Amino acid sequence: MSHSVTPVGYLRSCFKEKFAIPRQPQLAPAARGVLELVAPFDRAEAVAGLEQVSHVWLLFLFHQALEDTPRLKVRPPRLGGNQSIGVFASRATHRPNGIGQSVVKLERVEPGRLWLSGIDLLDGTPVLDIKPYVPYADQVPEAFNRIAEAPPPQVALEWHEAALAQAHEHALRLGEPLVALIEQCLRQDPRPAYQVPEPERRYGVLLWDVQVRWHYPEPGRIRVLEVVPG
Ligand code: SAM
């Protein structure tokens, strides 16, 4: 059986590229975005009652990771990229139907628009459905996952003085918690685990419309070098 689905909306996200997006929602509370609903879901009726809900599940398409050939095993970045596990034991982006799910904070509701935070989704992500989080049913106190027991360990982060001033300036202009966003994302160390970070090597990512550049003076320590128009 095949079945076609149509997005109910598209996400406008702080993340303009896949690199440096947290591996799961809630890891960067300062990561914000707006879900723009499309017709007929852009009308007030479709979101009536949602103002009584703090978090929602988003079901979405990994539109920049779609593949024709199904994979049975994947190598999750969490395991260093060199260990493979079954596709159904992983939350990796390579999936049989390209469907992802994230529970995110609902900051504000208006007809046609949901303001979200704690997102782990790329700009332009097509959203297939939205469901309210139901604490009594969705929380499982005895749950465990021995592959993903805790959030990834964080690295130390420091700022070049000028970079911090630049970040504050852009934060004001954007009306976004940019300093917190940079710190929350980079502390999770977006670099692939197999790469040894040479101190001379520069890394960069586009957040909103600014390019953030950093390096590793030594393994386990990030120094933010500049935050400039992207
Ligand atoms: N919480 C979701 C889940 O469990 O289904 C996503 C988990 S997945 C490991 C998170 C990663 O997906 C992010 O770090 C980002 O690189 C990637 N990603 C986010 N949105 C995407 C999109 N629209 N297309 C492709 N990759 C995306």
Side-chain angles (χ1 to χ4, degrees), residues 5-36 38 55-71 73-106 114 116-131 133 138-140 143-155 181-195 203-208 212:
V5 291
T6 310
V8 299
Y10 294 86
L11 188 71
R12 217 159 17 90
S13 160
C14 55
F15 298 118
K16 307 300 175 188
E17 51 187 286
K18 284 191 270 182
F19 186 50
I21 303 182
R23 292 186 190 143
Q24 287 300 340
Q26 311 299 328
L27 296 175
R32 308 207 301 189
V34 181
L35 175 51
E36 309 267 8
V38 294
H55 291 74
V56 288
W57 286 104
L58 299 181
L59 300 177
F60 60 90
L61 216 51
F62 286 115
H63 72 307
Q64 283 202 8
L66 296 174
E67 292 176 333
D68 293 332
T69 316
R71 297 187 193 202
K73 293 201 116 184
V74 294
R75 294 170 188 274
R78 167 183 280 276
L79 301 179
N82 50 16
Q83 206 182 318
S84 67
I85 57 173
V87 64
F88 299 128
S90 151
R91 298 274 286 260
T93 58
H94 303 289
R95 314 214 62 81
N97 289 298
I99 294 175
Q101 62 176 93
S102 294
V103 66
V104 298
K105 187 163 183 212
L106 183 55
L114 303 185
L116 307 169
S117 67
I119 58 176
D120 59 345
L121 305 181
L122 192 60
D123 194 48
T125 295
V127 174
L128 303 176
D129 203 355
I130 304 157
K131 302 192 189 205
Y133 184 80
D138 292 346
Q139 267 170 16
V140 185
F144 63 85
N145 180 336
R146 300 204 174 96
I147 299 169
E149 291 200 293
Q154 300 212 333
V155 297
L181 177 65
I182 293 170
E183 291 184 348
Q184 290 166 6
C185 293
L186 297 196
R187 280 202 174 120
Q188 289 169 52
D189 198 358
R191 175 188 54 88
Y194 54 81
Q195 250 178 38
Y203 292 79
V205 72
L206 190 65
L207 295 175
W208 294 114
V212 182

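The chain is numbered in sequence order, starting from 1. Everything numeric in this text was worked out from a predicted model, so none of it was measured. Read the numbers this way: they start at 1 and go in the same order the structure lists the ligands and their atoms. The analysis underlying the following values was restricted to heavy atoms, covering all of them including side chains, and did not include hydrogens, waters or symmetry mates.
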Test log, rule side chain to side chain contact (heavy atoms under 4.5 Å, CB included), inputs D123 and L11: CA-CA 6 Å; D123 194 48; L11 188 71; over 6 Å; no
Taking non-hydrogen atoms within less than 4.0 Å of ligand 1, which protein residues qualify?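 Answer by chain and number: K18, I21, P22, R23, Q24, P25, F60, L61, F62, H63, Q64, A65, R91, T93, G100, Q101, S102, D120, L121, L122, T125.
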Quick one, [X] and [Y] - any side-chain contact, counting heavy atoms below 4.5 Å?
X	Y	result
L121	F60	yes
I21	L122	yes
I147	S90	no
R32	C14	no

Near K105 NZ, under 6.0 Å, is it more than 12 heavy atoms from other residues, nucleotides or ligands?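 Open: at most 12 neighbouring heavy atoms sit under 6.0 Å from NZ of K105.
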